[in-house]
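Here's the structure, in structure tokens; my notes come after.
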Amino acid sequence: MSTPVEPGRKDGGMSSTPEHWAPQSETYNFVSFASDSAYREANRTLVRRAFAFLPDSFFHVDVATGTGLVPQEVCALCREQGKRGTIIGVDPDRFALENARRSTQPAPGCTVEFVQGTGQDLERLLAGRIPAEGVDYVSIHDAIHEIRGEDIKRSVLAAMGRILKPGGVFTYNSAFTTAALEEAALEWGRLKAKAFALVGGRRDRQVVALKVHTPEEYARMIAEAGLSVVHEAKRVVRISRAAMEAICRYPAFIEGVFGDMIGRERLSLEEKSRALIEAIASLGIVEMPRVWHEILAQKAG
Ligand SMILES: C[S@@+](CC[C@H](N)C(=O)[O-])C[C@H]1O[C@@H](n2cnc3c(N)ncnc32)[C@H](O)[C@@H]1O
């Protein structure tokens with residue numbers, strides 16, 4: 001299965017107009033996948049590692065916060081451990097942020113704010129909102145692969161490194177590295193082929209797919225952002241049938257799967273999503289393993 005279409009920027013990253021954008025909506029969004037227990041557990045475990053480094057009254061910035069999963073997990077840990085903090089979630093998607101605002105319950109002593117914008121604009125968006133000495137924690141979960149272009153990925157990571165104070169921590173994870181399909185490459189390939197067959201399209205082998213990076217490449221980009229890797233792992237997440245159907249209602253995922261299809265170019269998002277969900281049923285998929293690559297890194301103190 002191919003990587004999702006990565007929203008980019010018309011001017012290479014400096015304006016606020018996303019290109020190749022697959023916005024979320026009431027019907028097509030990340031809400032139900034983000035509530036999947038296996039997905040949440042994978043994120044919770046990584047957030048918990050970072051949380052151990054945080055002082056009381058910490059400052060955290062979550063880039064590509066989506067529907068607010070990472071701030072929600074940080075608040076849950078604050079409730080459990082009695083720490084207080086300020087959390088800012090940044091994301092360009094209006095629908096996702098509205099959902100995040102509605103569904104994130106700040107823990108006692110915590111403030112949570114959601115700011116609309118891209119990771120490329122991070123420092124401008126946060127000017128005057130974060131302490132001059134930097135923040136204690138920055139995160140980008142399940143999203144770096146959606147940021148188009150290697151240089152732009154690097155610049156977002158570099159900006160995250162710059163806003164971090166010395167000794168501060170960083171977490172990243174992604175299910176779109178070259179390791180993602182290593183537990184079930186054939187099954188993911190069959191799902192895509194079945195969905196294409198159901199709509200009467202075929203794969204264009206000439207299309208140069210967007211680059212899928214290796215875990216090592218991501219580790220290198222993170223190191224180049226001035227961060228030292230403290231923990232790195234590959235985590236197998238078992239995606240249930242219900243979660244599979246949920247991810248097939250997430251626009252960036254749907255558009256990514258169909259990114260190299262020819263023969264039926266004018267297919268709507270709804271038709272593509274329906275084909276994927278029908279393919280899951282027709283292949284009798286009960287569960288699919290997918291590998292998340294994760295890193296916890298720290299800025300030199
Ligand atoms: C798969 S969702 C993950 C959301 C959240 N981090 C989570 O794990 O639940 C990816 C998110 O990346 C966001 N995104 C895409 N391009 C972005 C960019 N250039 N800057 C910041 N966020 C971006 C999307 O809007 C989407 O909400």
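Read the numbers this way: they start at 1 and go in the same order the structure lists the ligands and their atoms. Quantities reported herein were computed from a predicted structural model and do not represent experimental measurements.
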Salt-bridge criterion met for Arg274 and Glu270 (N-O under 4.0 Å) | yes

Taking the non-hydrogen atoms of Ile147, is any one of them nearer than 4.0 angstrom to ligand 1?
-> yes

Residue Arg241 excluded, over 12 heavy atoms near CZ under 6.0 Å | yes

Lys83 to Phe51, cation-pi by 6.0 Å centre distance and 45° axis angle = yes

If you count the atoms of ligand 1 from 1 in the order shown, which ones are under 4.0 Å from a heavy atom of Gln120?
-> 18 (C), 19 (N), 20 (N)

How about Val90 and Asp121: do any of their side-chain heavy atoms sit closer than 4.5 Å?
-> no

Thr65-Asp91 side chain donor-acceptor pair, cut-off 3.5 Å = no

Answer yes or no for Gln24: is there a heavy-atom contact with ligand 1 below 4.0 Å?
-> yes

Determine the sole option in Tyr218, Phe176, Tyr172 for which the ring pair (Phe, Tyr, Trp, His ring centres under 6.0 Å) test with His213 is passed.
-> Tyr218

Within-cut-off N or O pair, Asp91 and ligand 1, under 3.5 Å = yes

Are Phe33 and ligand 1 in contact, using a heavy-atom cut-off of under 4.0 Å?
-> no

Gly119 N/O under 3.5 Å from ligand 1 N/O | yes

Report the part of Asp142 in contact with ligand 1, treating N, CA, C, O as backbone and CB onward as side chain, heavy atoms under 4.0 Å; options are side chain, backbone, both, neither.
-> both

Does any N or O atom in His141 lie less than 3.5 angstrom from one in ligand 1, N or O only?
-> yes

Give a yes/no on ligand 1: does Val70 have at least one heavy atom closer than 4.0 angstrom to it?
-> no

What do we get for Thr65 next to ligand 1 when only non-hydrogen atoms under 4.0 Å count, side chain, backbone, both or neither?
-> backbone

Residues which pass side chain to side chain contact (heavy atoms under 4.5 Å, CB included) with Asn29, listed by chain and number, not counting sequence neighbours = Gln24, Val31, Phe95

Taking the non-hydrogen atoms of Tyr250, is any one of them nearer than 4.0 angstrom to ligand 1?
-> yes

Judging by distance only, is a nitrogen or oxygen of Thr118 under 3.5 angstrom from one on ligand 1?
-> no

Going by heavy-atom distance to atom 5 (C) of ligand 1, choose the closest among Gly68, Ala64, Pro251.
-> Ala64

Restricting to pairs with a member in residues 228-238, which pass side chain to side chain donor-acceptor pair (under 3.5 Å), not counting sequence neighbours?
-> Arg49-His231, Glu182-Lys234, His231-Glu294, Glu232-His293, Arg235-Glu294

